[in-house]
Amino acid sequence: QAKAQGRSRCLAFTDEMRTEPLLTLKLQSDMRRAIERDDFVLFYQPVLSLHDRRLVGFEALIRWNHIQRGLIPPATFIPIAEENGLMSDLGDWVTNTACHQMRIWQERVGAATPLSLSVNIAPTQLIHPDVFTLLDRALAASGVDVRRMKLEVTETALAGDAELLPQRLRALRERGFQILIDDFGTGYSSLSRLHRLPIDGLKIDQCFVKPMLYDPDSAAIVRTIIALGKALNLDLFAEGVEDEGSAAELGRMKCEFAQGYHFARPLPIAAADALVDALVESVAAEAAARTLSP
Ligand code: C2E
Ligand code: MG
Ligand code: MG
Ligand code: MG
């Protein structure tokens, strides 16, 4: 029972994303205008280091601040943007906004502590001929240190073109972006393919993390992904950490980084800013304590 419950959620993704046809039609016509009017907004979900529970960065997650409907989640409109050729424009807005924000945080934390920002990249963005021009422009306009930017590509997206996609990722990585595979474990990447992909880390899908305390099979999958990632020298991130028990268990399994409702939900910019300020203050306080008592 727990097993069925736990793992059917890994496959329910496309059903959840199906939106009623009339709403789709309406959103479709609203979207182009919304991009021009800047009606989208990024939320920032904290990413923590599991061994000391310190903030190491954020993942940028888009929402549509719709005039009539309020905040619309990405699962409702990203597929519509993809189908209507709007994803490249929307993605360009995301990367520009994210790079700009990271530049501000970069200035604030200085060399005191590393902080990075993850951005989700849709498959259509990755194969778009303008992808490099747009990203280079976002980097130049913001002045952000590219090494603080991570790009997340889903494992499913990588099931496409076996030549073009690795080539694109390699070129992005050569620019200094870190590449993470998102929702890892739900796609079908073969080990040989994974080994040849130019990547820096794996994000373990939430559908394995959430049930890991009551479903031994899910726990075994999480443990296996961590072992695989370590063997390939990759950073490991757990998504969907909703309770302390899972956080502690992931720590014991030597997963390095985590995000989830147990730590924080995706936050509006003011709340994310406050966390960065608190981090800077605690790092400064620690440095002061060290000089006082050598
Ligand atoms: P994702 O990249 O795998 O992001 C994680 C999703 O899980 C986010 O949903 C986040 O709010 C949610 N989440 C985080 N921690 C927990 C938890 O502990 N429990 C539960 N139940 N959920 C948690 P969100 O923001 O609705 O985004 C959904 C998906 O939409 C993202 O999945 C990503 O694939 C896509 N997306 C979001 N923003 C962007 C974007 O700017 N560009 C593109 N191309 N895709 C985006
Ligand atoms: Mg992601
Ligand atoms: Mg994910
Ligand atoms: Mg996901």
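From a predicted model like this one, the values you see are computed outputs, not experimental measurements. Both ligands and their constituent atoms are indexed starting at 1 by order of listing.
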> Taking the minimum heavy-atom distance to atom 39 (C) of ligand 1, which of Ile62, Leu126, Thr76, Val241 ranks first?
Replying inline: Ile62

>> Heavy atom to atom 43 (C) of ligand 1, shortest distance: which of Asn120, Asp205, Thr156 holds it?
In response: Asn120

Note: [X]-[Y] ion pair, threshold 4.0 Å (strictly below):
| X | Y | value |
| --- | --- | --- |
| Arg54 | Glu286 | yes |
| Lys150 | Asp200 | no |
| Arg252 | Glu249 | yes |

> More than 12 heavy atoms of other residues, nucleotides or ligands under 6.0 Å from NZ of Lys254: is that the case?
Replying inline: no

> Quick one: angle Asn120 OD1 - the Mg ion (ligand 2) - Glu59 OE2, to the nearest 10°?
Replying inline: 90°

>> Before we go on, tell me: are the rings of Phe77 and Phe40 under 6.0 Å apart, centre to centre?
In response: yes

>> Does anything in residues 42-53 form a salt bridge (charged side-chain N to carboxylate O under 4.0 Å, His left out)? List the pairs, not counting sequence neighbours.
In response: Arg53-Glu244

> Any idea which part of Asp182 is under 4.0 Å from ligand 1, heavy-atom wise: side chain, backbone, both or neither?
Replying inline: side chain

> Other than Phe43, what residues sit in its cluster of Ile, Leu, Val, Met, Phe, Trp and Tyr side chains whose heavy atoms are under 4.5 Å apart, directly or through others?
Replying inline: Val41, Leu71

Would [X] count as being in polar contact with ligand 1, using the rule that some N or O on each side must be under 3.5 angstrom apart?
| X | result |
| --- | --- |
| Arg63 | yes |
| Gln259 | no |
| Tyr261 | yes |

> Is there a heavy atom of Arg265 sitting under 4.0 angstrom from any atom of ligand 1?
Replying inline: no

> Just wondering, is there an N, O or S atom on Asp183 that's nearer than 2.8 Å to the Mg ion (ligand 2)?
Replying inline: no

